[in-house]
Amino acid sequence: MEHNADDFQENKSEETNGMTVAKPEKADGEMTGVSNKTPENPVYAAEEPVIVQEVDTTVVNGVEQDELLQPKRRQRPGRKGRAVAGQISRMKMALLFLLPLLLMALWTEAAPILSSAGMHGILFDLPGAFKSVNVRGLLQILLLAPILYAGRQFYIQALQDLRERIPSAEVLLLLGTVAAVAGGIYTAVQMLLGKQYGELPPLFLAYIGLCVTAALFSRYLDRWCKASLPQFLDLPSMWLLSGSILVGIVACLSYFYTGKAVVPVWQIAMSVFLCCCPVFLMVAPSIAAFITVTKASEQKILLRDGTVLGDAWETTLVIFDKTGTLTIGHPVLTDIHVFHDGSESGLLSLAAAMLQDSDLPEAAAVRDAAEGCSLPVCTEIRSTPEGWHTARCFRENIRLGSFDFVQRYARIPAETKKYVEQLSDAGKTVWYLSVGRTLYAIFGFSDELRPETPEAMRRLKRMNIITSVMTGDNKRAGLYLGKLSGAERVAAELLPTHKAQLVQTFRKGGEVVAVVGDGDNDAPALECADFGFAVGSGTKTVWNAAQVVLTDNDLRNVAATFQLSRDCVEAIRRNVCIACICNLLLLPFALGIVALAGGPMLQPWMLLTVTVAAAAALSFSTWKLKNRRNRL
């Protein structure tokens with residue numbers, strides 16, 4: 001059964017499928033039949049008066065999208081992308097040779113003590129004429145070689161950084177490795193020639209093997225949690241690298257001209273470089289990121305790009321989409337207002353026929369309301385990303401959509417203003433339906449606010465982060481939504497295709513912007529923003545555009561993500577300080593200041609001691625981060 005044109009000219013008002021329908025009453029200029037069926041929930045009641053700032057979207061809608069500014073998360077240099085393929089096998093190789101290397105180093109250091117105590121039998125010295133030959137240094141070099149090969153990626157990266165004049169942690173590792181290997185080769189050769197180890201510069205080969213293995217472990221953690229944050233090592237690496245070179249040159253020149261050096265001058269330079277190469281420098285950010293990603297997963301926060309942990313704490317503005325994000329995403333058609341003695345059921349069927357293939361939530365609401373009704377045959381059906389719909393039916397052009405769209409083709413009577421304002425003041429989305437150049441119906445849609453939305457807004461405000469809402473509704477409905485949700489700003493009457501342009505406008509104003517959305521039309525805004533959040537019920541397209549996914553749809557986890565980022569950055573800075581300070585405590589030994597007073601020069605056991613102390617301190621810092629409670 002199909003409708004004919006007369007079906008739209010019935011003069012009556014009725015309750016259709018649970019929604020209120022009304023026709024205008026011309027007497028006294030009043031309209032009746034308006035229904036404001038906004039769900040009442042004490043959760044939505046504002047605790048204090050909310051002042052909502054209106055964002056002017058006229059300029060945003062009126063211009064074409066500019067060339068996108070590079071989001072903050074993508075402004076890192078290319079060197080930050082590390083190759084992680086085969087990390088596990090490389091780390092296993094390094095560990096396989098590190099253990100015998102440490103045993104050999106311990107044997108080498110203990111040999112002079114055992115020899116002075118007369119315990120020659122357990123040293124396994126070469127027999128006969130080769131008794132004076134000491135191969136322990138050579139064995140350490142041979143055991144270190146596979147470890148250096150396993151960590152070759154760091155040295156390749158260091159050479160690239162040197163060409164770009166970047167003082168990275170890899171360059172620091174390269175400098176320490178060159179110093180240790182060069183000094184190790186000299187000492188090993190002298191040991192083969194029969195000189196006593198106690199009279200030679202010490203071997204730091206095992207220490208470098210430990211540094212490389214720790215670096216490989218950090219890369220393994222980065223691969224597991226997808227959160228490589230080497231930018232936190234740039235400043236410490238610059239200070240350690242430039243400081244070690246400057247201090248080494250000054251110390252060597254001072255000893256050279258004064259002649260007070262008790263050891264070779266090059267040994268002092270080697271000791272300074274090794275002292276400024278902490279074992280856990282690269283591990284410091286990786287272990288903090290690993291723990292933070294684990295905590296995020298426990299809170300149902302999926303970090304598709306863990307690197308946001310290093311930058312998200314700088315966010316100053318969060319923009320929420322309305323339908324499906326702040327609301328549950330299932331609007332209901334609650335009001336129909338008809339004109340010119342139209343038939344409510346006929347007009348509803350006409351709208352449903354136009355929206356059969358539309359994926360907009362409001363279209364689904366119309367189809368649900370028209371369930372059981374026979375639909376007319378519409379041709380030339382077209383829908384735009386802006387939410388505008390056109391079709392032909394009964395030899396007439398039918399248009400359905402927002403006020404800005406329909407007013408271009410049909411005359412909007414002045415008496416509709418009061419009715420539309422009443423719908424808007426109740427926070428309802430308003431659509432217009434015209435047949436030819438005549439307005440026949442106004443539809444009102446209501447969507448329920450997520451229960452946690454006001455609390456999510458309050459948590460962001462406590463973190464001094466501005467909250468904003470973007471919606472295609474008119475300004476009255478947008479301001480109502482802002483007050484109901486607790487947002488500080490509202491961008492109303494925004495075309496869906498210009499959401500990215502709105503984000504660009506804020507970013508050009510100096511804001512660090514995060515966008516939370518759920519639909520395909522939100523994806524460009526998420527890609528344009530510094531940080532993108534997708535709710536778990538969102539589409540695949542918006543998931544792919546987001547760096548963070550709220551798998552349980554809880555908007556309070558937006559603030560939780562920022563708090564995790566702040567805690568992670570705080571822990572990284574604390575860890576880096578621990579790794580550096582422990583090693584720098586040995587600088588007086590490396591510079592020979594203690595040796596001038598009759599003490600020892602820098603020895604491998606000293607570096608091993610501070611490494612153990614740093615490991616203990618990092619363990620405590622990691623435990624503190626893991627057990628830190630949510631303060632929101």
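Reckoned from all heavy atoms, side chains included, excluding hydrogens, waters and symmetry mates.
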Would you please test D404 and S402 for side chain to side chain donor-acceptor pair (under 3.5 Å) and show each step? CA-CA 6 Å; D404 290 335; S402 65; 5.3 Å; no
Step by step, work out the side chain to side chain contact (heavy atoms under 4.5 Å, CB included) result for V535 and T551. CA-CA 6 Å; V535 295; T551 57; over 6 Å; no
Mind running side chain to side chain contact (heavy atoms under 4.5 Å, CB included) on V515 and F320 for me, showing each step along the way? CA-CA 6 Å; V515 175; F320 292 87; over 6 Å; no
Let's go through F280 and N575 carefully: what are the C-alpha distance in whole Å and the side-chain angles of both, what is the deciding distance for side chain to side chain contact (heavy atoms under 4.5 Å, CB included) to 0.1 Å, and is it a yes or a no? CA-CA 9 Å; F280 296 114; N575 291 351; over 6 Å; no
Can you check side chain to side chain donor-acceptor pair (under 3.5 Å) on Q87 and Q153, steps first, answer last? CA-CA 10 Å; Q87 281 306 138; Q153 64 188 45; 3.0 Å; yes
Verdict with reasoning, I319 to V513, per side chain to side chain contact (heavy atoms under 4.5 Å, CB included): CA-CA 7 Å; I319 304 176; V513 182; 3.8 Å; yes
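By the 4.0 Å N-to-carboxylate-O rule, R458 lies close enough to E455 to be salt-bridged with it. In this structure, E570 does not pair ionically with R566, as no charged nitrogen and carboxylate oxygen lie closer than 4.0 Å. The residues K322 and D473 are annotated as salt-bridged, a charged nitrogen and a carboxylate oxygen being separated by less than 4.0 angstrom. Here K499 pairs with D321 in a salt bridge; the nearest charged N to carboxylate O distance falls below 4.0 Å. Ion pair E362/K428 not flagged as a salt bridge, since none of the NZ, NE, NH1 or NH2 atoms sits closer than 4.0 Å to an Asp/Glu carboxylate oxygen.
L625 CG to L618 CG: the interatomic distance, rounded to the nearest 0.5 Å, is 12.0 Å. The OG1 atom of T561 sits 13.0 Å away from atom CZ of R556, with the distance rounded to the nearest 0.5 Å. To the nearest 0.5 angstrom, L317 atom CG is 11.5 Å from R507 atom CZ.
You'll find the side chain of F562 reaches within 4.5 Å of the side chain of I465, heavy atoms only. At least one side-chain heavy atom of L144 sits under 4.5 Å from a side-chain heavy atom of V181. Residues L303 and Q547 form no side-chain contact, since every pair of their non-hydrogen atoms from C-beta on lies 4.5 Å or further apart. By the 4.5 Å heavy-atom criterion applied to side chains, V318 and S468 are not counted as neighbours. Considering only heavy atoms from C-beta on, L98 comes within 4.5 Å of L210 through its side chain. The shortest distance between side-chain heavy atoms of L173 and C277 falls below 4.5 Å. Using a 4.5 Å cut-off on side-chain heavy atoms (C-beta onward), V576 and R573 make no contact.
Judged by the 6.0 Å and 45° rule, R223 forms no cation-pi pair with Y220.
D530 and E511 make their closest contact through OD2-O, 4.0 Å (heavy atoms, listed as atom of the first residue, atom of the second, distance). Between S237 and L281, the shortest heavy-atom distance links the atoms OG-CD2, 4.1 Å. Looking at every heavy atom in both residues, M457 comes nearest to G486 through CB-O, 3.9 Å. Across all non-hydrogen atoms, the minimal contact from C580 to P278 is CA-CG, 4.1 Å.
Side-chain atoms of R304 do not come within 3.5 Å of backbone N or O of V548 as any donor-acceptor pair.
For F506, the CZ atom is densely surrounded, since the number of other residues' heavy atoms within 6.0 Å is greater than 12. More than 12 heavy atoms of other residues, nucleotides or ligands sit less than 6.0 Å from atom CG of N627.
Sorted by first and then second residue, the side chain to side chain donor-acceptor pair (under 3.5 Å) pairs with a member in residues 277-294 read D222-S286; sequence neighbours excluded.
Qualifying side-chain hydrogen bond (donor to acceptor under 3.5 Å, both in side chains) partners for D552, counting only residues two or more places apart in sequence or in other chains: N557. W388 pairs by the ring-ring contact (aromatic ring centres under 6.0 Å, His included) definition with F405, not counting sequence neighbours.
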